[in-house]
Student: 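Pasting in a structure now, in structure tokens, and then I'll have a few things to ask.
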Amino acid sequence: VNSARNAAFGVTGFLTLSIVILEYLLITGHYQTQYVYEVSNRAAPLFYRVTALWGGQDGSLLFWSWLMSLFTAMVLFKNWGSMRILMPYVIGVNQVVVAFFAGLVVFVANPFVQMEFFPPDGAGLNPLLRHWGMAIHPPVLYVGFVAFVIPYAFAIAALITKQTGDLWIRTTRRWSLTAWLFLSLGILLGGWWAYDVLGWGGYWGWDPVENASLIPWLVGTPFLHSVMMQENRGMLKRWNMALIILTFALIIEGTFLTRSGVISSVHTFAQSAIGPLFLIFMVVMFSFSLYMFISRWDILKSENELDSLFSRESFFLMNNLVFLGLAVVVWWGTHFPLFSEAIVGERIVVGPPFFEQSTAPLWAAILLLMGIAPLIPWRRASVKKLWGSLMWPAIFGLVVVALLYFVFNIQIIGALFGFWLCAFTLAVTILEYWRGANARHRSRDESYPVALWRLIGRNHRRYGGYLIHIGVVLVAIGVVGSRAYQVETQRNLAIGESMTISSPVIGSYELTYQGLRDGQSPDDRIITEAVLAVSHNGRPAGTLIPNREYFVVQQQPMTIPDKRSTLADDLYVILAGWEGGGETATFKAYINPLVNWLWIGGVVFILGTIVAAWPTEQEQRQQATDKVAVPASTAPIS
Amino acid sequence: MPNIGYVAVVLALVLSVYAAVVAVVGAQRRIPNW
């Protein structure tokens with residue numbers, strides 16, 4: 001087994017070497033290497049030469065294998081002494097996955113293939129990907145995907161060794177959280193990039209590739225919640241096992257979908273031979289996991305029964321079911337073209353309306369559960385007490401809704417209900433902080449800021465979790481505002497002419513076209529900018545300069561929007577086209593109310609996850625003693 | 001140079017298969033009755 005560990009370290013070493021070499025080829029511009037030729041060129045700045053490593057399929061698969069082997073090495077390094085029984089199988093599972101990806105690189109997607117001649121310059125990176133958000137979005141998402149292999153490997157190891165207590169969960173909690181953090185961040189970055197670059201006024205298009213990253217998230221999130229049940233009450237063991245297996249299977253399946261070209265998408269990367277291989281790997285991994293799961297069914301029995309329908313346990317269960325419901329709906333919608341083709345012979349694509357209508361009630365249910373669950377104690381709750389603590393947040397929500405209705409003119413029922421949920425959940429969560437801090441303030445005579453700080457410091461998991469909840473509420477505010485009240489208009493303007501776009505909630509903007517001009521072009525682009533003077537409700541509000549970038553080498557234009565962002569809304573303008581050298585031009589304008597809360601919420605969300613994953617002082621001490629104690633008391637295995 | 005990169009990935013593949021097999025076989029042989 002020691003030899004296996006050394007071999008695993010060796011794998012990491014060799015993959016690191018090949019990554020370094022590929023980076024070297026990319027940076028120095030070795031265009032005889034076909035991959036380098038495809039994703040890079042002389043004019044590209046250093047940053048994009050480095051990130052071109054994952055700019056194409058071959059490189060990203062190599063990057064993926066490298067990450068996985070790196071994580072394996074980290075786990076081996078950290079947990080070798082304390083996890084003697086699980087470890088060999090953890091290595092086994094991890095290395096099988098690494099071997100599959102390395103095998104793909106070796107046999108199918110080799111980035112080191114040489115061409116017969118030495119071209120003077122490369123073809124250059126896809127222009128759409130030249131945005132710093134897009135440069136870091138793939139690796140962030142990959143880290144999220146790949147890091148889930150660690151809890152998965154531990155789960156399988158636990159099944160094989162029949163160690164089905166909460167050992168595997170406690171060991172991998174931080175891995176799961178980290179994976180989840182990166183997955184969430186990757187999804188957010190993807191949305192932000194779409195909003196910032198693609199120029200269609202939205203951030204989420206329910207595209208198969210987007211869904212492929214959302215579906216594992218929708219299964220991973222209940223996993224993070226339901227593991228608490230196993231740790232606290234020894235319940236839901238089967239459920240947790242099933243969730244982590246499913247999360248991992250969905251990650252592989254999502255990768256298969258987006259890489260194989262089975263479902264066409266606006267950003268399917270490549271259609272290649274790796275599709276069927278992925279499918280086979282997926283089926284093998286999943287069948288094996290399922291077999292292990294079923295064969296250990298009996299020892300995964302719950303230690304406790306559900307005491308009451310009105311308990312935190314049952315609310316966790318409901319949260320899980322709703323999340324899974326969402327996952328099923330999104331999965332079904334994403335795969336629907338496949339089913340319809342197989343059954344009626346025609347590809348029927350379901351669009352965003354399907355997803356929005358069918359998921360909206362479920363998202364609402366999640367917000368509601370998020371507001372109630374933290375207040376319910378384990379085992380059993382009294383309805384009377386619960387109502388006492390829920391009443392004020394509920395009333396607060398109603399006051400907010402009344403204010404929105406009468407003062408801000410918000411009258412769409414769905415939006416009002418959404419905002420009520422947000423206000424309610426926000427109030428509950430903030431009250432939780434207040435109660436904790438107030439108790440410390442009274443009993444220990446700490447000032448409020450100190451009390452709050454120490455409160456969070458003593459229980460990172462709980463209060464980090466609440467911070468995540470606040471982030472989710474802010475995201476929800478952004479989504480409800482921008483979905484319910486987005487306004488869109490398009491017009492052709494001559495120089496000096498104006499267009500007006502008005503929203504019942506935000507007021508109206510007047511845009512006056514002042515002409516086209518040539519922009520500064522840093523490398524191989526021709527940039528044409530349109531200048532628009534903006535006034536908001538009659539007052540001047542600066543200028544907006546949406547532009548059109550033309551990538552000479554790739555002969556591809558890109559439409560870059562410009563925005564006027566405030567906390568209340570975004571005015572988002574696109575230069576759709578022009579005639580007569582700019583005498584007239586066509587503009588598309590959107591008002592996206594509250595959309596910036598989505599990004600603010602995202603930041604809070606990420607912060608909350610970091611707090612939740614950060615070890616408390618107590619845990620740090622515990623870990624230090626673990627490390628000293630274990631090697632002394634047990635003989636090393638070999 | 002590119003060849004070294006390729007060979008490194010091939011070696012990584014071989015080692016990972018080796019690691020997976022040895023880990024599982026080793027674990028099953030040395031410690032009975034898990």
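Residue numbers begin at 1 in each chain, while the letters A, B, ... track the order of the sequences. This one's a predicted model, so the numbers in the text were calculated from it and none came from an experiment.
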Student: Could you tell me the separation between the OG atom of B/S16 and the CG atom of A/L15, rounded to the nearest 0.5 Å?
Tutor: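 Spacing of OG (B/S16) from CG (A/L15) equals 8.0 Å.
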Student: Does any backbone or side-chain atom of A/L22 lie under 4.5 Å from a heavy atom of chain B? Answer side chain, backbone, both or neither.
Tutor: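 Neither the backbone nor the side chain of A/L22 comes within 4.5 Å of chain B.
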Student: At a 4.5 Å cut-off on heavy atoms, which part of A/Y24 comes close to chain B: side chain, backbone, both, or neither?
Tutor: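 Contact with chain B involves the side chain of A/Y24 alone.
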Student: What's the separation between atom CG in A/L17 and atom CG in B/L11, rounded to the nearest 0.5 Å?
Tutor: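 So the CG of A/L17 and the CG of B/L11 are separated by 9.5 Å.
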Student: State the OH-CG distance between B/Y6 and A/L62, to the nearest 0.5 angstrom.
Tutor: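 It is 12.0 Å, given to the nearest 0.5 Å.
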Student: Considering non-hydrogen atoms only, spot the tightest contact between A/G92 and B/A20 and give its length.
Tutor: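 For A/G92 versus B/A20, the nearest heavy atoms are O-CB, 3.7 Å.
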Student: Between B/L13 and A/F107, is any pair of side-chain heavy atoms under 4.5 Å apart?
Tutor: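 The answer is yes, as the side chains (C-beta and beyond) meet within the 4.5 Å cut-off.
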Student: List the atom of A/S18, the atom of B/G5, and the distance in Å for their closest heavy-atom pair.
Tutor: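 Taking A/S18 first and B/G5 second, the nearest heavy atoms are CB-O, 3.4 Å.
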Student: Does B/V9 reach the side chain of A/F14, with side-chain heavy atoms less than 4.5 Å apart?
Tutor: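 Result no, sub-4.5 Å side-chain heavy-atom pair not found.
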Student: Taking every heavy-atom pair that is under 4.5 Å apart, which of A/V113, A/I19, A/V105, A/N110 has the most such pairs with chain B?
Tutor: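 When all of A/V113, A/I19, A/V105, A/N110 are compared, A/N110 has the most.
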